[in-house]
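Have a look at the structure below, then the notes.
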Amino acid sequence: QVQLVESGGELVQTGGSLTLSCVASGRTQNRYGVAWFRQAPGKERELVAGISWTISSPLYADSVKGRFTISADNAKNTVYLQMNSLKPEDTAVYYCAARDGGTLYFNPGLFDYWGQGTQVTVSS
């Protein structure tokens with residue numbers, strides 16, 4: 001079992017920046033793929049970015065390419081999501097998710113572990 005705890009969400013103005021953190025505990029010695037998803041009211045949960053030992057470079061949704069950066073600090077069991085040039089449409093609850101084995105999918109149903117989410121609100 002892995003437990004995930006997100007932090008860093010807050011209210012920010014359009015064009016601003018935020019860094020979200022996802023701290024893992026439990027069986028962190030196993031190999032996982034980790035992704036950030038987001039869910040806005042009335043919308044489906046969507047993958048924003050993912051990182052895994054199975055791929056040579058991180059995976060990003062087209063809507064955030066060039067603005068968001070996912071990174072990992074293995075010594076701290078932490079995955080970060082640096083978000084720049086934020087837009088109102090980035091407003092959502094952001095979730096950290098992990099998948100045993102490492103393979104990443106856009107389908108949130110294929111992830112094994114989830115955090116509780118952190119709210120990001122971008123004001124116009």
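Just so you know, these numbers use all the heavy atoms, side chains as well, and skip hydrogens, waters and symmetry mates.
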Point to revise | Chi angles and distances behind the side chain to side chain contact (heavy atoms under 4.5 Å, CB included) call for Val120, Glu10 | key: CA-CA 5 Å; Val120 172; Glu10 62 181 71; over 6 Å; no
Practice item. Check side chain to side chain donor-acceptor pair (under 3.5 Å) between Thr54 and all other residues, then give those that pass, not counting sequence neighbours. Key: Ser52
Practice item. Locate the shortest heavy-atom distance separating Ala40 from Ala92; write the atom from each residue and the value. Key: N-CB, 3.8 Å
Check your understanding: To the nearest 0.5 Å, what is the distance between CG (Asn107) and CZ (Arg45)?
Key -> 11.5 Å
Practice item. Test Thr121 against Val12 for side chain to side chain contact (heavy atoms under 4.5 Å, CB included), laying out the working first. Key: CA-CA 6 Å; Thr121 303; Val12 64; over 6 Å; no
Study note, to complete from the structure: Taken in chain and number order and not counting sequence neighbours, the residues that satisfy salt bridge (Lys or Arg N to Asp or Glu O under 4.0 Å) with Arg31 are none
Atom pairs and distances, donor-acceptor, side-chain atoms in residues 71-82, under 3.5 Å, two or more places apart:
from, atom 1, to, atom 2, distance (Å)
Asp73, OD1, Ala75, N, 3.2
Asp73, OD1, Lys76, N, 3.3
Thr78, OG1, Lys76, O, 2.8
Gln82, OE1, Thr19, OG1, 2.4
Gln82, NE2, Asn84, OD1, 2.8

Exercise for review: Please work out which of the three classes, parallel, tilted or perpendicular, describes the rings of Tyr113 and Tyr32, given edges at 30° and 60°.
Suggested key: perpendicular
Check your understanding: If you look only at pairs with a residue in residues 36-124, which of them pass as a disulfide bond (SG atoms under 2.5 Å apart), with sequence neighbours excluded?
Key -> Cys22-Cys96
Revision key, fill the gap. Separation between CD (Glu6) and CG (Leu20), nearest 0.5 Å, reads 8.5 Å
Check your understanding: With sequence neighbours left out, what residues match Lys43 under salt bridge (Lys or Arg N to Asp or Glu O under 4.0 Å)?
Key -> none
Exercise for review: May I ask you to say whether Lys87 pairs ionically with Asp90, meaning some side-chain N is under 4.0 Å from a carboxylate O?
Suggested key: no
Revision key, fill the gap. Heavy-atom nearest pair, Lys65 first then Asp62, reads NZ-OD1, 3.1 Å
Check your understanding: By ring-ring contact (aromatic ring centres under 6.0 Å, His included), which residues pair with Phe37, not counting sequence neighbours?
Key -> Phe111, Trp114
Review point. For Ala24 and Leu4, which heavy atoms make the closest approach, and how far apart are they?
Key: CB-CD2, 3.8 Å
Practice item. Give a yes or no on whether Tyr95 and Leu18 share a hydrophobic cluster (residues Ile, Leu, Val, Met, Phe, Trp, Tyr; joining criterion: side-chain heavy atoms under 4.5 Å apart). Key: no
Revision key, fill the gap. Note: Leu104 and Gly50 closest approach over all heavy atoms is CD1-C, 3.5 Å
Practice item. Give a yes or no on this: more than 12 heavy atoms of other residues, nucleotides or ligands lie within 6.0 Å of atom CD of Glu89. Key: yes
Check your understanding: Distance from Arg38 atom CZ to Thr118 atom OG1, nearest 0.5 Å?
Key -> 14.0 Å
Review point. If you draw a 6.0 Å radius around CD in Gln13, do more than 12 non-hydrogen atoms from other residues or ligands fall strictly inside?
Key: no
Practice item. Measure the spacing between CD1 of Ile70 and CE of Met83 and express it to the nearest 0.5 Å. Key: 11.5 Å
Exercise for review: Answer yes or no: is there a side-chain heavy-atom contact under 4.5 Å between Thr14 and Ser123?
Suggested key: no
Review point. In Å and rounded to the nearest 0.5 Å, what is the CG to OH distance from Leu59 to Tyr105?
Key: 12.5 Å
Point to revise | From CA spacing to verdict: side chain to side chain contact (heavy atoms under 4.5 Å, CB included), Gln39, Tyr94 | key: CA-CA 7 Å; Gln39 188 166 21; Tyr94 283 71; over 6 Å; no
Check your understanding: Would Trp36 and Leu47 show up in the same hydrophobic cluster when neighbours are defined by side-chain heavy atoms closer than 4.5 Å?
Key -> no
Point to revise | Spatial distance of atom CD1 (Ile51) from atom OG1 (Thr69) [nearest 0.5 Å] | key: 10.5 Å
Revision key, fill the gap. Smallest heavy-atom separation, Gln119 atom then Thr91 atom, equals NE2-CG2, 4.1 Å
